Amino acid sequence: MPRLPNSNEQVEARLNKLDRLRESGSDPYALTTFEVTHVTTEIRENFETLEGEKVRVAGRLMGRRGMGKASFGDLQDDRGRIQLFVRIDALGEENYAAWLDLDTGDLLGIVGTVMRTRTGEISIRVASWTLLAKCLRPLPEKFHGLQNVDLRYRQRYLDMFVNPDSRLRFIQRAQVLRQLRRTLDEAGFLEVETPILNVIPGGAAARPFVTHHNTLDLDLYLRIAPELYLKRLLVGGLTRVYEIGRMFRNEGISTRHNPEFTMLELYQAYTDYRGMMDLTEKLFVACAEAVCGTTELCWGEVAIDLTPPFRRVSMRDLVLEATGIDFYALRDPVELAATAAAHQVTVEAHWGWGEVFNAFFETFCEPQLIQPTFVYDYPLAISPLAKRKAGVEDIVERFEFFINGGEMANAYSELNDPLDQRARFDDQLRLREAGDEEASRMDEDYCTALEYAMPPAGGLGIGVDRLVMLLTDAVSIRDVLLFPTMKPLGVNAPDEQQSREGSAGAQTQPTAARRSLDLSRVKVEPLFEDMVDFETFSRSDFRVVKVLDCEEIPKSDRLLKFTLDDGSGTDRIILSGIKKYYRAADLIGKTLVAITNLPERKMMGIPSQGMLISAVYEYDGGEGLNLLILDDDIPVGAKLY
RNA sequence: GAUCCACUAGCUCAGUCGGUAGAGCAUCUGACUUUUAAUCAGAGGGUCUCGGGUUCGAGUCCCGAGUGGAUCACCA
């Protein structure tokens, strides 16, 4: 019987070593401290002064090369590796034997002197060592590391100590965050924190995650953007604010999207989107120099040159250049539709000029924006929080910043006209009512804030994960997230969670129908080929009914007797042959569907007034059946069409 | 959500035409007092992701499921 799940002979061998250690009185998990005087990289960098000196280092044993009465090992700490040199005559026979019993992955404290080997490798001659924690599982292959991307994400801790690139990437991520803060702090910005739990998710067009506060009995949303809170702070008198934090959007996952991601948003009073372009340049250059030491980068197959100034071009000019169409001169709806059709741009029914203009940009221009490019002057229709551009109808002062065909930043001259803002929210509400789930919601308090006057300001949002991807040459956003969102495996899988909750007592249904089915074993009846006309169909009266009482018919092994409320005020009795699928008591109070205008029929001497509707199918050779159980909110007597 | 691809030992990967499951690293045993992807000799280790089907016989062919990856859609 293995002592650990997912055990194997290698795990057992390590467990046996653990047993021997404990029997000999040294518990490898008992130590609490170890004094460390140096890290590995320091020793290598300062070898001249440290040679022959005593050092104390700690880390993980990664490689071992035994030579009989002497042996080598590689000790890895958070900065790098250093070689250990161990000799039997330094440790004594017993202690040397214990050293040989160590495994790769074990965490060690080392005391020794700095030396250089015959081949020139800077090493530590081990005088004594301590096992700080025993590693019970074998390490991935030492040369190739951990390649399986699934395992790298699910077991990031393994990935991090086995693949140096991975560890480096997260160190660089921290450098990016530090540099963003440093640059903004030096420019007089104040870092603030605004709520993640929002009553109204605003500031972007995205589907939110919903959660619930029990005490307030209130549905709350995880923020999709901090924008509306940060701009309230401008009203409050702060002139330069920023927030770096996690946003949550309930949307697809891709190499550039994760449901939770990190965004930098900042607002600066008394400037506009041109000021934000300058600041974007400054931030990108500062981060590139801090992390890469240069502004000439490589991202996958492409060379990216971040040397300022970055290209600035209007959306109008880009589309004109790519397609020959001047959207500023294409205001007629009929002409617009014809142009879209001619260019095979798919248009949705409710789209106006702005949406079509944007679709042209996205289709014909966006993928070509490889080198850093500010695209400015966006359609008003897709920018409900941005200020109108003077002199051009339906255009706002907004830019998006692109690198390698992807959006890296988004900025506006912020809309501070309270009446216009209110009208824009109203427009969004109309879209929402028309079914656009991502249209903004009205934020009454935000409108009120604007009524107290918000200074003219520029606002900027930067996708921090994408910036880190660029600076660390990562192809997938998951490579720059420590723990990217994954579907759970094993005990945490959704199916298992359900069955656990079920066995906890809340769900008592014993039926075969409730368990999850192996769909490959389900067979259903072929669809009918004979058609029924609508009139015939609509003469069948399907009604929502509630089970007032349900009892088993004593002498029948199939029948249950239902007393039903069908909304008519008179109880309806229906007998149904589903006893082997459901227990009578479990069905009391359920909301079901019955057909109520069938001729009365006696079963076991009792008249049955209709049929309850079930789903039937063949499962594994036998019959499968599920009664249609509806949401209890549906009113009794409601007619089904 | 759609399409394509992957899943074989702890890890990295082979596996031919459908015919007894392979290597390297790792592990275990032995040799070796300056190696560094140490070396040398030997041994053990497999629910071929899961469930069906075809077949005398399936890692291999077919169907379904799971997880992951890529592309597309979505993400103004």
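Since the structure is predicted, the reported quantities are computational estimates derived from the model, not experimental observations.
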Between Asp159(A) and Arg156(A), is the salt bridge (charged side-chain N to carboxylate O under 4.0 Å, His left out) condition met? List the steps.
CA-CA 5 Å; Asp159(A) 178 43; Arg156(A) 181 67 88 185; 2.8 Å; yes
Begin with the C-alpha distance, continue with both residues' side-chain angles, and end with the deciding distance and a verdict on side-chain hydrogen bond (donor to acceptor under 3.5 Å, both in side chains) for Ser314(A) and Asp377(A).
CA-CA 6 Å; Ser314(A) 73; Asp377(A) 290 353; 5.7 Å; no
Given the [atom1] atoms of [N] and [M], what is the spacing between them in whole Å?
| N | M | atom1 | value |
| --- | --- | --- | --- |
| A9(B) | U49(B) | C1' | 14 Å |
| C5(B) | G22(B) | C1' | 24 Å |
| C56(B) | G18(B) | C1' | 12 Å |
| G59(B) | G51(B) | C1' | 16 Å |
| C7(B) | U60(B) | P | 11 Å |
| C61(B) | C75(B) | P | 39 Å |
| C4(B) | G45(B) | C1' | 35 Å |
| A31(B) | G46(B) | P | 28 Å |

Pairing of [X] and [Y] as salt bridge, 4.0 angstrom limit:
| X | Y | answer |
| --- | --- | --- |
| Arg169(A) | Asp473(A) | no |
| Lys134(A) | Asp103(A) | yes |
| Asp426(A) | Arg422(A) | no |
| Arg3(A) | Asp19(A) | yes |

Heavy-atom nearest nucleotide on RNA chain B for Asn148(A) versus Arg125(A): which residue maps closer to 5'?
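Looking at RNA chain B, the more 5' nearest nucleotide goes with Asn148(A).
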Please figure out whether Gly145(A) or Gly120(A) has its closest RNA chain B nucleotide nearer the 5' end.
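Between the two, 5'-proximity favours Gly145(A).
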Rounding to a whole Å, what distance do you find between [X]:[atom1] and [N]:[atom2]?
| X | N | atom1 | atom2 | value |
| --- | --- | --- | --- | --- |
| Gln155(A) | G10(B) | CD | C1' | 11 Å |
| His144(A) | G10(B) | NE2 | P | 18 Å |
| Leu136(A) | A26(B) | CG | C1' | 16 Å |
| Arg154(A) | G66(B) | CZ | C1' | 11 Å |
| Tyr96(A) | U33(B) | OH | P | 9 Å |
| Glu141(A) | U12(B) | CD | C1' | 5 Å |
| Gln147(A) | U12(B) | CD | P | 7 Å |
| Asn6(A) | A9(B) | CG | C1' | 14 Å |

Separation between CE of Met408(A) and OG1 of Thr373(A), rounded to the nearest 0.5 Å:
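Reported to 0.5 Å precision, the distance equals 12.0 Å.
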Distance in Å, Asn258(A) CG paired with Ile477(A) CD1, rounded so as to fall on 0.5 Å steps
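So the CG of Asn258(A) and the CD1 of Ile477(A) are separated by 5.5 Å.
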Side-chain donor/acceptor contact of [X] with base of [N] under 3.5 Å:
| X | N | answer |
| --- | --- | --- |
| Glu121(A) | U34(B) | no |
| Asp74(A) | U36(B) | no |
| Arg118(A) | U34(B) | no |
| Thr117(A) | U35(B) | yes |

Touch class at under 4.0 angstrom, heavy-atom based, for [X] against every strand present:
| X | answer |
| --- | --- |
| Leu146(A) | sugar-phosphate |
| Arg152(A) | nothing |
| Tyr412(A) | base |

In dot-bracket form, how is RNA chain B paired, counting a Watson-Crick or G-U wobble pair only if both its distances are under 3.5 Å and using | for bases paired to another strand?
(((((((..((((.....[..)))).(((((.......))))).....(((((..]....))))))))))))....
Between G68(B), U33(B), G10(B), which one does the side chain of Pro138(A) approach most closely?
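For Pro138(A), the side-chain atoms sit closest to G10(B).
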Taking the side chain of Lys487(A) as heavy atoms from C-beta outward, which of C11(B), G68(B), U35(B) is closest to it?
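Within the option list, the nearest is G68(B).
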Tyr221(A) six-ring centre to Arg441(A) NZ/CZ under 6.0 Å and within 45° of normal:
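That pair qualifies as a cation-pi contact.
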Heavy-atom closest pair, residues Leu330(A) and Leu336(A)
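In terms of heavy atoms, the two residues are closest at CD2-CD1, 3.8 Å.
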What are the atom names and distances for every N/O pair under 3.5 Å that joins the protein to nucleotides 69-75 of chain B?
residue	atom	partner	partner atom	Å
G69(B)	OP1	Arg478(A)	NH1	2.1
G69(B)	OP2	Arg478(A)	NH1	3.2
C75(B)	O3'	Ala205(A)	O	3.3
C75(B)	O2'	Glu251(A)	OE1	2.5
C75(B)	O2	His257(A)	NE2	2.1

Counterpart residues, ring-ring contact (aromatic ring centres under 6.0 Å, His included), relative to Phe360(A) (two or more places apart):
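Checked Phe360(A) against ring-ring contact (aromatic ring centres under 6.0 Å, His included); matches are Phe327(A), His343(A), Phe364(A).
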Sub-3.5 Å pairs of nitrogen or oxygen atoms, protein against nucleotides 27-29 of chain B:
residue	atom	partner	partner atom	Å
U27(B)	O4'	Gln10(A)	OE1	3.4
C28(B)	OP1	Lys17(A)	NZ	2.6

Kindly write out the residues that satisfy side-chain contact (heavy atoms from CB on, under 4.5 Å) with Leu460(A), not counting sequence neighbours, or none if the list is empty.
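Leu460(A): side-chain contact (heavy atoms from CB on, under 4.5 Å) contacts with Leu266(A), Met276(A), Thr280(A), Leu283(A), Phe399(A), Ala409(A), Ala411(A), Ile462(A).
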N/O contacts under 3.5 Å, protein versus nucleotides 30-32 of chain B?
residue	atom	partner	partner atom	Å
C32(B)	N3	Gly68(A)	N	3.1

Less than 3.5 Å apart, any donor N or O on the side chain of His144(A) or Gln147(A) sitting next to an acceptor on the other?
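No donor-acceptor contact under 3.5 Å links the two side chains.
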We want to know whether Thr40(A) and Gln76(A) form a side-chain donor-acceptor pair, criterion being a heavy-atom distance below 3.5 angstrom.
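Per modelled atom types, Thr40(A) and Gln76(A) side chains form no pair under 3.5 Å.
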For U35(B), take OP1 and OP2 only and decide whether either is under 4.0 Å from a side-chain N or O of Arg65(A).
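No.
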A26(B), OP1 or OP2 - any side-chain N/O from Lys142(A) closer than 4.0 Å?
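Affirmative; the distance criterion is met.
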Asn416(A), Leu380(A), Asp272(A), Asp417(A) screened by side-chain contact (heavy atoms from CB on, under 4.5 Å) with Lys387(A), the one that passes:
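It is Asn416(A); the other options fail the test.
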For atom CZ of Arg79(A), decide whether the heavy atoms of other residues, nucleotides or ligands shown that lie under 6.0 angstrom number more than 12.
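Atom CZ in Arg79(A) is not packed in, count stays at 12 or less.
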When you look at CZ of Arg246(A), are more than 12 heavy atoms from neighbouring residues, nucleotides or ligands closer to it than 6.0 Å?
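No, the 6.0 Å shell around CZ holds no more than 12 heavy atoms from other groups.
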